[in-house]
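All values below were derived from every heavy atom in this structure, side-chain atoms included, with hydrogens, water molecules and symmetry-related copies excluded. Not measured: the values here are computed from a predicted model.
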Amino acid sequence: MMKLYLTAAAVFLFANIFLNAQINISGEITDKKTNEKLEGVNIFIQELQRGTISDENGFYEIKDLPSGSFTVQFNRIGYKTIIEKISAGENNIKLNVGLSPTNIEMQEVVVVGNSISTQEKMPLKVETLTKQNLQRSNSETLVGALSKLPGVWELSNGVGISKPVIRGMFGYRTATIIDGIKFDNQQFQDEHGFGLDEVGIGKVEIIQGPASLIYGSGVLGGVINLIHDRNAPIGKTIGNYNLKIFSNTLGANTAIGLEGTKNNFGWQLHLGGESHADYLNGDNNRVPNTRFTGGTAKGLLNYTTNSMSTDLEYIYSYHIYGVFELADLTNPKDQQESHFERGFDGPHHIIGFHIISLQNLFFTGDSKIKLNLGFQNNHRQEIEGSDQNASASSIGELDLLLNTFSFDAGWITPLFSGAELSIGTQGSFQNNKNDGTRILIPDANTNELSLYSYIKKNFDKLDLEGGIRYDSKNVTASEMGIKDSLSYFAPQNLSYHAFNGAAGGSYSLNENIIFKINFSTGFRAPDLAELTSNGIHEGTTRYEIGSPNMSLEKNLQTDIGAVYQNSFLRFQASYFYNNINNYIYLQPSIQYLGIYQKYFFVQSDASIQGGEVSIDLKPNEVFDFSCSYSFIESKKTDGSYLPFMPANKIVSKMNFGMPDWSAFDKNYFAVTMSNFFDQNKIAVGETRTPGYTLFDAALGSRITIADKYVDATLSVTNLLGKDYINHLSLLKPYGIYDMGRNIVLALNYSFGL
């Protein structure tokens with residue numbers, strides 16, 4: 001099958017290079033109210049990853065476009081973003097645009113599968129985090145930055161080990177997409193690191209809700225879509241250096257990126273690293289073995305011809321995470337270490353991966369053919385370390401190697417006026433192999449294959465979309481160990497099949513008010529841990545046992561929402577009801593194996609409901625107020641609650657613009673209040689968590705140094721040094737508080753070459 005796809009790609013590439021003519025697009029951009037020519041407007045063609053910036057006369061030009069249909073985005077701070085659909089034929093295109101002023105930063109253009117639209121018109125709720133948001137973030141990790149968004153929380157084990165929680169779902173119930181490739185870092189356990197950072201990321205889109213129609217198995221809760229940085233404007237070579245320093249962990253994150261575009265060729269190179277010591281809680285006590293370190297390298301090549309656009313990307317990541325164990329609190333060696341200590345003598349995880357992806361888009365008139373190929377090599381190790389006092393030191397070390405090949409092929413074509421049809425297939429082939437002395441899941445092969453089709457139609461004020469999808473998944477697990485022994489794994493050959501669909505749309509009552517509704521289904525085949533686990537969950541006192549009789553998890557979710565926005569106010573409200581069949585979770589038993597309590601994977605029907613309400617008020621350039629409320633509740637059919645459900649939260653922020661002073665301009669001061677409610681709706685084996693309120697403060701400026709600009713932010717998180725425990729903290733059973741006061745300095749320097 002792979003050979004067939006590669007052959008098809010080659011045919012389209014060489015046949016179309018000589019048949020199609022290249023087109024230029026140009027125009028003038030003005031202020032819609034004053035007709036003033038606008039300089040510094042970003043013009044970007046999403047499908048080609050190519051763009052430019054308007055000059056002092058408002059003029060722009062992008063040369064050598066293929067023949068086909070494209071989405072052109074025009075955006076500038078202080079103006080409403082505009083999206084224009086163009087169809088490039090044999091003649092050059094003249095496109096003049098007028099932008100409307102606004103104090104509110106209008107919502108981002110997002111990409112969901114093959115669909116490109118603005119956030120407010122997507123049937124499912126979508127949150128975004130821009131490159132500037134990431135650069136100014138006061139979080140040590142990417143997940144920490146995402147958790148500040150409405151509907152998103154963080155499941156953590158210390159600071160470095162954290163996973164995103166989308167409307168109560170995490171792990172294999174959500175999907176992470178890296179530039180079109182579904183990422184798999186063996187996330188079947190909740191106490192190992194995410195392994196991803198913000199190096200080279202231009203934007204993060206978080207789709208909240210089932211998206212199995214677009215992304216397949218495991219997307220019951222949502223999708224985290226990581227999109228690489230935009231290519232440099234045509235004819236430019238630019239660079240960016242970002243540094244963050246953290247007082248609490250005595251740590252630093254740093255990254256440098258270079259990008260260039262010339263004619264039809266673009267390239268990017270990004271390097272980054274991080275190093276953090278153990279964190280201090282609100283009482284200024286060090287939490288042992290919560291340190292982490294790592295590095296990332298990314299390279300990207302983009303080439304556009306008169307018939308196609310292709311991206312070749314390589315990502316390498318290597319991270320080490322210390323794993324806290326109860327013995328660390330009494331281990332003399334841990335207690336005698338200095339705060340600056342960065343060694344990994346105790347238990348720790350090593351997560352390394354290579355990703356190679358090839359994304360191709362071929363243009364055949366008004367139609368497009370997509371062919372994405374990806375290969376991932378994920379190496380996960382759980383090391384007990386040389387510290388003889390580490391608990392469970394005799395259980396051995398886990399060493400797993402996961403290789404994944406994936407493909408995504410599709411045809412996107414207009415059907416009739418305002419309608420677009422997508423037909424495609426996706427699949428993956430995985431091999432999981434053990435190379436350690438401790439076996440938690442057996443060697444296994446997993447194959448997935450799907451067919452999908454969906455359609456979009458615009459009726460002036462009404463946008464509708466929907467589709468259907470069929471998936472087939474096969475899991476073949478090897479027999480391992482001695483039959484009837486404690487560590488025996490029986491052979492398995494399991495197959496799963498599922499049909500899914502979605503239908504929804506948005507209606508623009510006028511230019512200010514939009515209503516949205518969506519019905520979507522999702523599914524998830526049980527993962528290897530749930531099917532085959534037979535071993536000790538490292539870092540806990542649990543002995544976990546899976547069951548090969550697990551059924552598919554399936555859900556049906558209803559989403560409704562409304563958006564009101566004008567030049568100084570945006571109000572959003574959304575509600576969802578998620579009905580889940582065969583929800584899989586761990587249930588404690590009264591059985592023990594030595595000191596280890598046995599936990600069994602079981603299933604039950606359940607429901608999760610909740611929503612988000614947010615407001616952003618910016619009456620002028622000086623004052624900006626935003627506030628969001630995220631609420632959630634889950635129940636099983638017997639009336640009891642599901643485990644690991646986050647507490648409701650309110651996050652409010654006030655931003656004050658300050659006068660320019662000497663070399664300091666764009667000055668601001670911000671205060672953020674995060675209020676987490678009591679979590680009393682808990683599952684069997686959980687304990688209640690009291691609510692708490694945290695305050696953050698930040699001071700920022702753009703500093704001019706020798707005609708160059710440095711964006712600087714000095715912030716303090718947990719300003720009052722409060723003792724608190726997040727309900728989703730895996731250190732909660734030990735009574736360990738979360739991070740105390742933390743002073744963060746973030747510097748970002750952009751330059752041209």
Side-chain angles (χ1 to χ4, degrees), residues 4-6 8-9 11-13 15-16 19-20 23 44-50 65-73 83-89 109-118 121-124 126 177 179-182 205 207 211-216 223 225 227 302 304-311 357-374 406-427 450-459 463-470 500-505:
L4 176 63
Y5 284 124
L6 292 175
V11 170
F12 280 108
L13 172 61
N16 288 321
L19 295 178
N20 294 347
I23 311 302
F44 189 70
I45 300 177
Q46 187 70 47
E47 294 89 344
L48 304 178
Q49 291 293 299
R50 301 185 70 196
L65 299 180
S67 296
S69 58
F70 308 104
T71 306
V72 187
Q73 175 183 341
I83 298 176
E84 294 284 352
K85 300 281 188 179
I86 65 169
S87 182
V109 173
V110 295
V111 181
V112 178
N114 302 325
S115 179
I116 302 174
S117 185
T118 54
K121 289 193 174 183
M122 280 290 180
L124 284 171
V126 181
I177 308 298
D179 296 328
I181 301 298
K182 185 184 287 188
E205 299 170 353
I207 304 164
S212 287
L213 173 64
I214 308 300
Y215 299 106
V223 174
N225 190 15
I227 302 171
N302 171 263
T304 302
T305 72
N306 55 2
S307 61
M308 56 92 72
S309 177
T310 185
D311 282 351
S357 64
L358 181 64
Q359 301 179 70
N360 302 284
L361 195 61
F362 303 96
F363 304 98
T364 57
D366 288 335
S367 299
K368 308 180 190 73
I369 295 176
K370 176 179 72 173
L371 177 60
N372 295 344
L373 304 173
S406 58
F407 66 87
D408 181 358
W411 178 49
I412 306 102
T413 185
L415 281 183
F416 43 85
S417 179
E420 184 179 78
L421 173 68
S422 296
I423 299 174
T425 177
Q426 296 172 343
S450 70
L451 298 171
Y452 68 87
S453 175
Y454 69 90
I455 187 171
K456 292 182 58 179
K457 177 71 173 79
N458 173 260
F459 299 91
D463 291 280
L464 294 177
E465 60 183 77
I468 57 173
R469 179 186 178 109
Y470 170 75
N500 284 277

Asks: Can you sort out the partners of F459 under ring-ring contact (aromatic ring centres under 6.0 Å, His included), two or more places apart, ordered by chain and number?
Replies: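 F459 satisfies ring-ring contact (aromatic ring centres under 6.0 Å, His included) with no residue once adjacent residues are dropped.
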Asks: Is it the case that more than 12 heavy atoms not belonging to I423 sit under 6.0 Å from its CD1 atom?
Replies: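 For I423, atom CD1 is crowded (more than 12 foreign heavy atoms under 6.0 Å).
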Asks: Measuring from L373:CG to S357:OG, what's the distance to the nearest 0.5 Å?
Replies: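 Between atom CG of L373 and atom OG of S357 there are 9.5 Å.
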Asks: Rounded at 0.5 Å granularity, tell me how far CD1 in I468 sits from CD1 in I455.
Replies: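 Reported value, rounded in 0.5 Å steps: 11.5 Å.
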Asks: Quick check for you: to the nearest 0.5 Å, what is the distance between E465 atom CD and K457 atom NZ?
Replies: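 It comes to 13.5 Å.
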Asks: Taking salt bridge (charged side-chain N to carboxylate O under 4.0 Å, His left out) as the test, write out the residues that go with R469, two or more places apart.
Replies: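 R469 satisfies salt bridge (charged side-chain N to carboxylate O under 4.0 Å, His left out) with D471 once adjacent residues are dropped.
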Asks: Please tell me whether K85 and T71 have a donor and an acceptor in their side chains that are separated by less than 3.5 angstrom.
Replies: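 Indeed, the side chains of K85 and T71 share at least one donor-acceptor pair under 3.5 Å.
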Asks: State, to 0.1 Å, how close S367 and P414 come at their nearest heavy-atom pair, and which atoms those are.
Replies: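 Smallest interatomic distance, heavy atoms only, reads OG-CD, 4.1 Å.
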Asks: Using the test side-chain contact (heavy atoms from CB on, under 4.5 Å), find all partners of A503 that sit at least two apart in sequence or belong to another chain.
Replies: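 Here no residue qualifies.
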Asks: Between atom OH of Y470 and atom OG of S450, what is the distance when rounded to the nearest 0.5 Å?
Replies: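 Here the interatomic distance stands at 10.5 Å.
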Asks: Just by distance, no angles: are the side chains of N360 and T310 close enough, under 3.5 Å, to form a donor-acceptor pair?
Replies: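 T310 and N360 do have a side-chain donor-acceptor pair below 3.5 Å.
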Asks: Could you tell me the separation between the CG atom of D311 and the CG atom of D179, rounded to the nearest 0.5 Å?
Replies: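 D311 CG to D179 CG: 7.5 Å, rounded to 0.5 Å.
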Asks: L48: which residues meet the side-chain contact (heavy atoms from CB on, under 4.5 Å) condition with it, sequence neighbours left out?
Replies: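 Partners of L48 under the side-chain contact (heavy atoms from CB on, under 4.5 Å) test: I45, R50, L65, P66, F70, T304, S309, F363.
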Asks: So, for T425 and Y452, which heavy atoms are closest and what is the spacing to 0.1 Å?
Replies: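 Closest pair (atom of T425, atom of Y452, distance): N-CE2, 3.6 Å.
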Asks: Grab the two heavy atoms, one from L421 and one from S453, that are nearest each other, plus how far apart they are.
Replies: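 Heavy atoms of L421 and S453 come nearest at CD1-OG, 3.6 Å.
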Asks: Go through the structure and list residues passing salt bridge (charged side-chain N to carboxylate O under 4.0 Å, His left out) with E205, not counting sequence neighbours.
Replies: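 By the salt bridge (charged side-chain N to carboxylate O under 4.0 Å, His left out) rule, E205 matches K203.
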Asks: Going through the distances and angles, do F44 and V72 end up as a side-chain contact (heavy atoms from CB on, under 4.5 Å)?
Replies: CA-CA 6 Å; F44 189 70; V72 187; over 6 Å; no
Asks: Over all heavy atoms of both residues, which pair between Q426 and I214 is shortest? Give the atoms and the distance, please.
Replies: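 Distance-wise, the nearest heavy atoms are NE2-O, 3.0 Å.
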Asks: Hey, could you give me the CG/CG distance between D366 and L415, rounded to the nearest 0.5 Å?
Replies: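 One gets 12.0 Å once the value is rounded to the nearest 0.5 Å.
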Asks: Identify the two heavy atoms, one from A211 and one from V223, that lie closest to each other, and give their separation to 0.1 Å.
Replies: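 Here A211 and V223 meet closest at CB-CG2, 4.1 Å.
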Asks: Does S422 reach the main-chain N or O of I412 with its side chain, forming a donor-acceptor pair under 3.5 Å?
Replies: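 The answer is no, because no donor-acceptor pair under 3.5 Å joins these two groups.
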Asks: Can you list every pair that meets salt bridge (charged side-chain N to carboxylate O under 4.0 Å, His left out) and has a residue in residues 408-427, with sequence neighbours left out?
Replies: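 For residues 408-427, and leaving out neighbouring residues, the salt bridge (charged side-chain N to carboxylate O under 4.0 Å, His left out) pairs sorted by first residue read K370-D408.
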Asks: Looking only at heavy atoms, which two atoms of L371 and A409 are closest? And how far apart?
Replies: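 Result for this residue pair: CD1-CB, 4.0 Å.
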